[in-house]
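All chains are named by letter (A, B, ...) in the order of the sequence lines, taking the proteins before the strands, and each is independently numbered beginning at 1. Please read all numbers here as calculations on a predicted model, not as lab measurements. Values below: every heavy atom of this structure, side chains too, minus hydrogens, waters and symmetry copies.
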There are 2 protein chains.
Amino acid sequence: MKKNESIGALLTAGEQDLLPALSVDCVIFGFHENQLKVLLVKHRHRDMWALPGGFIGKEEPTDAAAYRVLKERTGLNEIFLQQFHVFGEPERSKKEFHLQDFKKDGINVTANHWILQRFVTIGYYALVEFSKVSPASGSIPEKCVWWDIHKVPTLILDHRKILDKALAALRMQLNYQPIGYNLLPKKFTMPELQKLYETILDKKLDRRNFQRKILGFGILCRLDETKEGVAHKAPYLYSFDLKKYDDALNDGLNLGW
Amino acid sequence: MKKNESIGALLTAGEQDLLPALSVDCVIFGFHENQLKVLLVKHRHRDMWALPGGFIGKEEPTDAAAYRVLKERTGLNEIFLQQFHVFGEPERSKKEFHLQDFKKDGINVTANHWILQRFVTIGYYALVEFSKVSPASGSIPEKCVWWDIHKVPTLILDHRKILDKALAALRMQLNYQPIGYNLLPKKFTMPELQKLYETILDKKLDRRNFQRKILGFGILCRLDETKEGVAHKAPYLYSFDLKKYDDALNDGLNLGW
DNA sequence: ACAAAAGTGTTACTTTTACACCCATGA
DNA sequence: TCATGGGTGTAAAAGTAACACTTTTGT
């Protein structure tokens with residue numbers, strides 16, 4: 001199938017198969033080589049990158065649409081996915097933006113085509129295990145790759161704003177929920193977990209205080225193994241105690257009152 | 001204007017003036033006689049109550065639609081309004097639900113009328129000063145009144161779920177933002193503020209510890225007056241230090257890391 | 001043997017909790 | 001005068017922050 005055929009199919013079938021005026025955009029976070037990463041896509045002809053997003057089926061729950069986008073891009077099913085904000089300004093939709101793309105593809109759309117109308121988008125952020133992901137371009141976007149959170153390129157439309165808001169939401173989540181299960185491999189070391197927190201918060205934490213605090217949550221199991229093949233002293237491996245981790249997700253951690 | 005004329009106008013003009021498939025619902029909180037209240041509306045013919053909600057203009061920001069609903073029901077302009085969740089299950093929309101209403105009004109709508117389609121709704125919660133509000137029924141709902149949060153009647157569709165989620169979001173907000181400016185009169189006493197917290201959290205707090213903690217935020221000014229006309233010792237009056245209050249809104253309070 | 005990273009412990013400081021006493025007022 | 005609610009303080013406990021020494025391992 002040629003690429004613009006699939007675009008054509010979307011443009012034709014969309015009107016009857018998709019919910020109008022509403023979309024989802026996903027900020028997919030991963031963690032690799034001690035850096036927080038975000039998965040971005042690039043469309044042909046376009047010089048800017050974008051968050052992976054999609055439309056919502058007429059009978060599809062909005063959350064399911066976000067899960068579908070995630071599955072398409074990462075191949076993963078069970079991931080932490082969290083709706084965090086709706087972006088509902090009329091100004092965020094730009095007709096010319098799509099028209100330029102279509103022009104380059106030699107596709108004609110009528111001026112009142114559904115895809116040119118204003119779109120409200122629901123922002124989701126996801127936490128995934130980097131090593132389990134094989135970024136999949138799919139049929140429409142040309143590229144789909146991880147970007148270091150500190151080196152994100154220029155993004156289309158208001159996607160930079162969406163990304164920033166997702167990061168803020170993720171930081172907020174650290175204050176009342178455990179994190180890491182969906183970002184780290186099954187077995188990980190304390191310094192790795194700490195680095196994850198430091199990267200998200202963009203600040204240094206004290207090694208010993210971090211360990212005490214995080215162990216205090218009671219969501220970790222120290223295994224009887226140490227990391228192999230590392231320079232210097234081998235750190236212990238830990239895994240999450242799923243049951244207690246889920247309890248903490250539900251009950252919250254640092255609640256103030 | 002007869003009431004069902006305005007419904008008729010909405011049904012006719014909606015298709016071209018409104019964003020399809022998307023609505024807003026507002027959980028409007030107030031505080032009165034030491035009780036947390038929520039503003040509910042009731043439509044004619046319907047035996048259940050509902051959250052005040054509305055549709056979104058074709059060129060209207062979603063936030064503006066929520067502000068408009070609030071203005072319509074409370075008469076208030078400047079209030080704390082916060083988007084908190086999107087409810088996007090297809091099952092939440094029930095065709096029969098609207099059809100029954102229209103039937104009772106003698107209105108005929110076609111089976112594929114826009115109002116019968118699936119709606120995704122954006123939940124907002126608002127905090128308003130009870131005494132400044134004169135609940136306005138407007139043309140479509142028959143009644144619009146305050147309900148004690150503990151005595152909320154049966155609500156339509158998934159509105160109970162929306163209300164519960166709003167309350168959870170409000171409780172969460174207490175953990176990292178100050179609250180009270182939009183719920184209390186300009187001048188208020190410490191016991192009143194405490195009662196507000198206790199009501200939202202649905203739990204008792206220690207009088208002295210509460211005072212110490214809340215004063216520690218540095219967002220209050222103690223005035224040189226005491227409450228008059230009260231039994232027993234007259235409590236001091238306080239007001240919020242707007243500048244510091246806003247700083248606290250932006251920077252957060254109890255952040256954990 | 002040494003540099004670099006990880007394990008562990010201690011102390012000072014801050015915040016939270018629990019609780020007691022005095023004061024003002026209307027009945 | 002007394003019951004009730006409000007103002008204020010203090011001591012113990014818990015939690016946080018700052019910091020030092022020892023252990024392991026590859027080079």
With a distance cut-off below 6.0 Å to the six-membered ring centre and an angular limit of 45° from the axis, does K213(A) pair with W257(B) as a cation-pi contact?
yes
Charged N to carboxylate O below 4.0 Å: is that the case for K195(A) and E198(A)?
yes
By nearest atom, which of the nucleotides [options] is closest to the [X] side chain?
X: K213(B); options: dA6(C), dT16(C), dG7(D); result: dT16(C)
X: K233(B); options: dA18(C), dG7(D), dA6(C); result: dG7(D)
X: N209(B); options: dT8(C), dA18(C), dG7(D); result: dA18(C)

Specify the separation, in whole Å, of atom [atom1] of [X] and atom [atom2] of [N].
X: L193(A); N: dA5(C); atom1: CG; atom2: P; answer: 19 Å
X: E192(A); N: dG7(C); atom1: CD; atom2: P; answer: 11 Å
X: D206(A); N: dA20(D); atom1: CG; atom2: P; answer: 11 Å
X: N175(B); N: dT16(C); atom1: CG; atom2: P; answer: 12 Å
X: E228(A); N: dT25(D); atom1: CD; atom2: C1'; answer: 13 Å
X: R207(A); N: dT22(D); atom1: CZ; atom2: C1'; answer: 11 Å
X: Y236(B); N: dT25(C); atom1: OH; atom2: P; answer: 11 Å
X: F217(B); N: dT15(C); atom1: CZ; atom2: P; answer: 11 Å

Classify the angle between the aromatic ring planes of Y125(A) and F29(A) as parallel (below 30°), tilted (30 to 60°) or perpendicular (above 60°).
perpendicular
Per the atom types in the model, does the base of dG15(D) pair as donor or acceptor with the side chain of R212(A) at under 3.5 Å?
no
Look at the side chain of R208(A) against the base of dA20(D) and say whether a donor-acceptor pair falls under 3.5 Å; ignore hydrogens and angles.
yes
With nearest nucleotide decided by heavy atoms, which residue, H232(A) or G229(B), maps closer to the 5′ end of DNA chain C?
H232(A)
First encountered from the 5' end of DNA chain C, between G256(A) and V230(B):
G256(A)
Without swapping roles, check the side chain of H159(B) against the backbone of L51(B) for a donor-acceptor pair under 3.5 Å.
yes
Indicate whether OP1 or OP2 belonging to dT8(D) is found under 4.0 Å from a side-chain N or O atom of R222(B).
yes
F217(A)/Y245(A) aromatic ring centres below 6.0 Å
no
